[in-house]
Amino acid sequence: MERKTAVIPPEKLAAQTEYCEKIAALWRREGRTPLAFVDTYGCQQNEADSERIRGMLRESGYAMGESEEGADVVVINTCAIREHAEQRVYGNVGALVHAKRRHPGQKIFVCGCMMGQPAAAERMKKSYRHVDGVFNPHQLWRFPELLYSVLTQKKRVFATESSDGAICEGIPVERQSSLKAWVSIMYGCNNFCSYCIVPYVRGRERSRDPEEIVREVEGLIAAGYKDITLLGQNVNSYGKDRDGLPDFADLLARLAELPGEFLLRFMTSHPKDAGKKLFDTMAKYPKIAKQLHLPFQSGNDRVLAAMNRRYDSAHYRELIAYARSVMPDLVLTSDVIVGFPGETEEEFEDTLRLIEEIRYDALFTFIFSPRKGTPAAAMDDPTPKKEKNDRFDRLVKLQDAISAERHRAYVGKTFRVLVDGRDGDLLTARTEGGRLVRFSGADGLIGSFQSVTVTDHTTWSLVGALAEQERDHE
Ligand code: SAH
Ligand code: SF4
Ligand code: F3S
């Protein structure tokens, strides 16, 4: 296979670093520290992008604020996955006009997946005149140059050139947490599920160099990070876009062999690519969390085919059975779409049956939202909205009962948890499977792994107590 993945040359990134320095110099001349606010909509990939935006802002001399009020620059990092997400963005960007009036020097940028759609970028340009700059996900690394231009030339900027995107290594990152970190291992998606906008706005799959990934993870471990999540729209495709790269399971194994006390997670896996090798690797390494997010979307084979998912429900069931056979305590979560065009009551019931049978720890449930330009948006969709809402409610009710049952099963068991903060009187922690546990303990435990025995549960979280051994050492 020819090498298709483009990498931004280091000298181009160095030019961006120079823009950061020029911006910092502008503010030094003003004699004050400017304030920035970055607001994120959407998935972990977008959160990870926002951490890079904050990194570039920090390097340009900005301090981070908590709201748009009084901020010198506001960046809205948008999501296009469902219409509701887009409506929120239009509403909130519209409302920024007031904050800007109160702070006239404020510069407003809108970026992210929505801006990967030419029509949405055009709407920002025409109807939201208080927005100073727009850039799509492929242009993110050029943010310092765009900001400098807006600050110095009093002109609006629109960096929306369509491209399949390239990989940019070395953008500064300002992480939100000192314990948990996202590491993007690849960008884009090639799957074109018929309902999904992501491949259109984030371009083709491109994998980072494994050496870069290892270096980043080693750096995180050395800095004390304990919970590291590898990110990609379909991590199981890692390495397939060019010759000579390891596959995802091998990359995971290599990272899990690094010294230090930490847990590795990953998302998202696609059932057409995840398989025995991945599950065996997860089972083999204690440093890989026994947690799997494996979206199934629908339990009906006609619907799965119409979604272009390229697996059937029997294959999905086999995968789960194998994963559970090698990891009996696996925590399993999934995504499901209700009301895909033409989904009948019987087809929906196949989805309920699959949920009842598999018994997920948690589900992310969505009502189908037509996305312009995707094949599903043009499909016949005769089911009334009321009926879709009704299906959605039935599904949520079923899952709530299963979640409560799964939580009940935790009571009396002891888990290794990572203590990540405090909520009122109690410490908060996550189990290896990502479940929230609250328990009483000293602040000094924050940032460490502890053993906690679960004593009670609610629908969403667990209550526990430090296991005897640790309490003695307090
Ligand atoms: N790459 C990941 C997730 C992408 S988006 C994956 O393939 O699993 C997260 C979830 O949003 C999807 O799994 C799907 O359940 C949901 N989703 C995506 N497009 C949607 C749409 N048009 N309407 C409703 N839900 C959608
Ligand atoms: Fe969208 Fe499918 Fe790609 Fe996930 S795998 S991002 S659902 S096209
Ligand atoms: Fe994520 Fe939304 Fe983009 S889910 S990839 S931010 S469209």
Side-chain angles (χ1 to χ4, degrees), residues 39-51 53 76-89 110-117 120 136-138 140 165 182 184-206 230-238 240 266-274 292-299 303-304 306-311 316 333-341 343 351 355 360 362-379 381 385 388-389 391-392 395:
D39 201 7
T40 316
Y41 297 70
C43 64
Q44 289 84 354
Q45 191 66 66
N46 250 24
E47 290 287 352
D49 284 350
S50 285
E51 293 187 340
I53 293 169
I76 307 290
N77 191 5
T78 65
C79 170
I81 201 81
R82 281 169 291 274
E83 192 183 342
H84 176 67
E86 296 204 338
Q87 291 314 335
R88 275 179 60 217
V89 166
V110 182
C111 63
C113 290
M114 244 173 103
M115 298 301 103
Q117 303 174 101
N136 70 19
H138 305 310
L140 176 118
W182 313 115
S184 296
I185 61 164
M186 59 190 297
Y187 304 94
C189 182
N190 287 357
N191 289 319
F192 290 96
C193 301
S194 64
Y195 49 82
C196 185
I197 195 74
V198 172
Y200 303 87
V201 294
R202 285 204 173 255
R204 295 294 63 73
E205 279 173 2
R206 42 213 195 274
L230 309 179
L231 290 182
Q233 293 299 342
N234 175 13
V235 289
N236 309 111
S237 301
Y238 175 81
K240 289 183 183 169
F266 55 90
M267 68 187 307
T268 302
S269 296
H270 193 302
K272 80 176 166 55
D273 302 308
L292 182 66
H293 181 66
L294 195 65
F296 69 96
Q297 313 296 1
S298 165
V303 175
L304 284 173
M307 288 176 163
N308 192 31
R309 289 290 287 180
R310 287 173 282 172
Y311 56 84
Y316 187 86
T333 58
S334 195
D335 294 346
V336 54
I337 296 177
V338 172
F340 184 79
E343 180 194 67
T351 294
I355 293 170
Y360 293 96
L363 268 185
F364 299 88
T365 31
F366 309 104
I367 293 183
F368 170 73
S369 171
R371 308 282 65 215
K372 222 180 181 151
T374 64
M379 290 177 190
D381 191 6
K385 190 158 190 309
K388 292 190 182 192
N389 288 338
R391 284 181 197 165
F392 182 84
L395 199 157

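All values derive from a computational prediction rather than experimental measurement. Count residues from 1 along the sequence. Both counts, for ligands and for their atoms, begin at 1 and track the order of listing.
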Does only the side chain of [X] get under 4.0 Å from ligand 1, or the backbone, or both, or neither? Count heavy atoms.
X      : value
Gln297 : side chain
Gln233 : both
Phe366 : side chain
Ser369 : both

Should [X] and [Y] count as an ion pair when the cut-off is N to O under 4.0 Å?
X      : Y      : value
Arg310 : Asp273 : no
Lys372 : Glu86  : no
Asp381 : Lys388 : yes
Glu343 : Arg391 : yes

*Roughly how far, to the nearest 0.5 Å, is the CD atom of Gln44 from the CD atom of Gln233?*
9.5 Å
*Nearest-0.5 Å distance that lies between atom CE in Met379 and atom OG in Ser194*: 4.0 Å
*Using a strict 4.0 Å cut-off to heavy atoms of His270, name the atoms of ligand 2 that fall inside it.*
5 (S)
*Which atoms from ligand 2 have a heavy atom of Cys189 less than 4.0 Å away?*
3 (Fe), 5 (S), 6 (S), 8 (S)
If you measure every N or O of [X] against every N or O of ligand 1, does any of those distances drop under 3.5 Å?
X      : result
Arg82  : yes
His270 : no
Thr268 : no
Asn234 : no
Asp335 : yes

*Verify the distance test for Cys43 against atom 3 (Fe) of ligand 3: any N/O/S atom under 2.8 Å, yes or no.*
no
Should you measure from each heavy atom of [X], which atoms of ligand 1 turn up under 4.0 Å away?
X      : result
Phe368 : 23 (N), 24 (C)
Arg371 : 22 (N)
Pro295 : 8 (O)

*Check against ring pair (Phe, Tyr, Trp, His ring centres under 6.0 Å), Tyr311 and Phe296*: CA-CA 9 Å; Tyr311 56 84; Phe296 69 96; 8.9 Å; no
Provide the number and element of each atom of ligand 3 under 4.0 Å from a heavy atom of [X].
X      : answer
Gln233 : 5 (S)
Cys113 : 3 (Fe), 5 (S), 6 (S), 7 (S)
Asn46  : 6 (S)

*Identify the heavy atoms of Pro271 and Arg309 that sit nearest to each other, and give their distance.*
CD-NH2, 3.6 Å
*Which heavy atom of Asn46 sits nearest a heavy atom of Tyr41, and at what distance?*
ND2-O, 2.8 Å
Considering only the protein, which heavy-atom contact is closest to [atom], and what is its distance?
atom                    : answer
atom 7 (S) of ligand 3  : Ala80 N, 3.3 Å
atom 4 (Fe) of ligand 2 : Gln233 O, 4.3 Å
atom 1 (Fe) of ligand 2 : Cys196 SG, 2.3 Å
atom 5 (S) of ligand 1  : Ile81 CD1, 3.5 Å
atom 24 (C) of ligand 1 : Ile367 O, 3.4 Å
atom 7 (S) of ligand 2  : Tyr195 OH, 3.4 Å
atom 20 (C) of ligand 1 : Tyr195 CD1, 3.6 Å
atom 5 (S) of ligand 2  : Asn191 ND2, 3.3 Å
atom 2 (Fe) of ligand 3 : Cys79 SG, 2.4 Å

*Is it true that Arg309 lies under 4.0 Å from ligand 2, counting heavy atoms only?*
yes
*Is ligand 3 less than 4.0 angstrom away from at least one heavy atom of Arg202?*
yes
_With a 4.0 Å cut-off on heavy atoms, is Met114 in contact with ligand 3?_
no
Looking only at heavy atoms, is any part of [X] under 4.0 Å from ligand 2, and if so is it the side chain, the backbone, or both, or is it neither?
X      : value
Pro199 : side chain
Phe192 : backbone
Val198 : side chain

_Heavy-atom contact check, 4.0 Å cutoff: does Ile337 meet ligand 1?_
yes
*Are Asn191 and ligand 1 in contact, using a heavy-atom cut-off of under 4.0 Å?*
no
*Cation-pi between Arg202 and Tyr187: NZ/CZ under 6.0 Å from ring centre and within 45° of the ring axis?*
no
*With a 6.0 Å cut-off on ring centres, are Phe192 and Tyr200 close enough?*
yes
*Under the criterion side chain to side chain contact (heavy atoms under 4.5 Å, CB included), which of Val303, Leu304, Thr351 is the partner of Phe340?*
Val303
_Could you work out, for atom 8 (S) of ligand 2, the closest of Ser237, Cys193, Ser194 by heavy-atom distance?_
Cys193
*Could you check Phe364 against His293 for ring pair (Phe, Tyr, Trp, His ring centres under 6.0 Å), going step by step and ending with a plain yes or no?*
CA-CA 10 Å; Phe364 299 88; His293 181 66; 5.6 Å; yes
